[in-house]
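Scroll down for the structure; my scribbles are underneath it.
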Amino acid sequence: MKKIFGITMSILLAISLSNCTKDVGPVEEPNPSADNVSFTQDIQPIFDQNCISCHPNSGNLDLTAAHAYNQLVNINASGYSGKRVVPDAPENSVLYKKIDGSGTYGSNMPLGGSLSATQINSIKQWIIEGAKNN
Ligand code: HEC
């Protein structure tokens, strides 16, 4: 009887100690709302500066602020078979393949120029983070 009590007590002690370290340890839980790239703050300004001179109309694609998001995410490209933006999958997104210099879908954008590596990466990262309207 005494032995069982001793074992029970050590189990209880072990449990309470492990709970204790759990509580005291550093709290570093992933925060799903802490996205790095914002569509409004980071992506739309790239379109404003480099794309909207041609893209209220060209390629049936309007990249002006009032329309860009709704014309991109999960929308079929007009000139290619594929979606303009597939959330989480830049490599399957016509928009990304149109700016990454790959030539997968004809001319690179912006037509006659190119985006900076930082801008290209922001668009890629925005898609990787789920292409949110944030
Ligand atoms: C000088 C004019 C011009 C500029 C600037 C321009 N584009 Fe284009 N874009 C076009 C034309 C013309 C087409 C249609 C031919 C083609 O698909 O290449 C097109 C097509 C596209 C398509 C394919 C649309 C579809 O559904 O078939 C995407 C995506 C695109 N552009 C993205 C962009 C982005 C992003 C920018 C800015 C970084 C940009 N373009 C800047 C002229 C332009």
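Atoms within each ligand, like the ligands themselves, are counted from 1 in listed order. What you see is a predicted model; the values in this text were computed from it and never measured.
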Original post:
Do any nitrogen or oxygen atoms of R84 lie less than 3.5 angstrom from nitrogen or oxygen atoms of ligand 1?
Top reply: yes
Subject >> N or O contact, G79 vs ligand 1, cut-off under 3.5 Å >> reply: yes
Original post:
Does L61 offer a backbone N or O that forms a donor-acceptor pair with the side chain of H55 under 3.5 Å?
Top reply: yes
Which heavy-atom pair separates [X] from [Y] by the least distance, and what is that distance?
X    : Y    : result
A131 : P87  : CB-CA, 4.2 Å
V37  : N134 : O-ND2, 3.1 Å
S114 : N108 : CB-ND2, 4.2 Å

Original post:
Is the shortest heavy-atom distance from the side chain of Q44 to the side chain of F39 under 4.5 Å?
Top reply: yes
**OP:** With the side chain counted from C-beta on, respond yes when I127 and D88 share a heavy-atom pair under 4.5 Å apart, and no when they do not.
**Re:** no
Show me the donor-acceptor pairs within less than 3.5 Å that the side chains of residues 71-79 make with the rest of the protein, sequence neighbours left out.
{"residue": "Q71", "atom": "OE1", "partner": "D62", "partner atom": "N", "Å": "2.8"}
{"residue": "N76", "atom": "OD1", "partner": "K83", "partner atom": "NZ", "Å": "3.3"}
{"residue": "S78", "atom": "OG", "partner": "G59", "partner atom": "O", "Å": "2.8"}

Original post:
Under a 4.0 Å heavy-atom limit, does N60 contact ligand 1 with its side chain, its backbone, both, or neither?
Top reply: neither
Nearest neighbour in protein (non-hydrogen) for [atom]:
atom                    : result
atom 5 (C) of ligand 1  : N50 O, 3.4 Å
atom 17 (O) of ligand 1 : Y80 OH, 2.4 Å
atom 25 (C) of ligand 1 : S78 N, 3.4 Å

Original post:
How about atom 8 (Fe) of ligand 1, which protein N, O or S atoms come within less than 2.8 Å?
Top reply: H55 NE2, M109 SD
Subject >> K97 and Y80 side chains, donor-acceptor separation under 3.5 Å >> reply: no
Original post:
Taking the inter-plane angle between the rings of W126 and Y69 on a 0 to 90° scale, is it parallel (under 30°), tilted (30 to 60°) or perpendicular (over 60°)?
Top reply: perpendicular
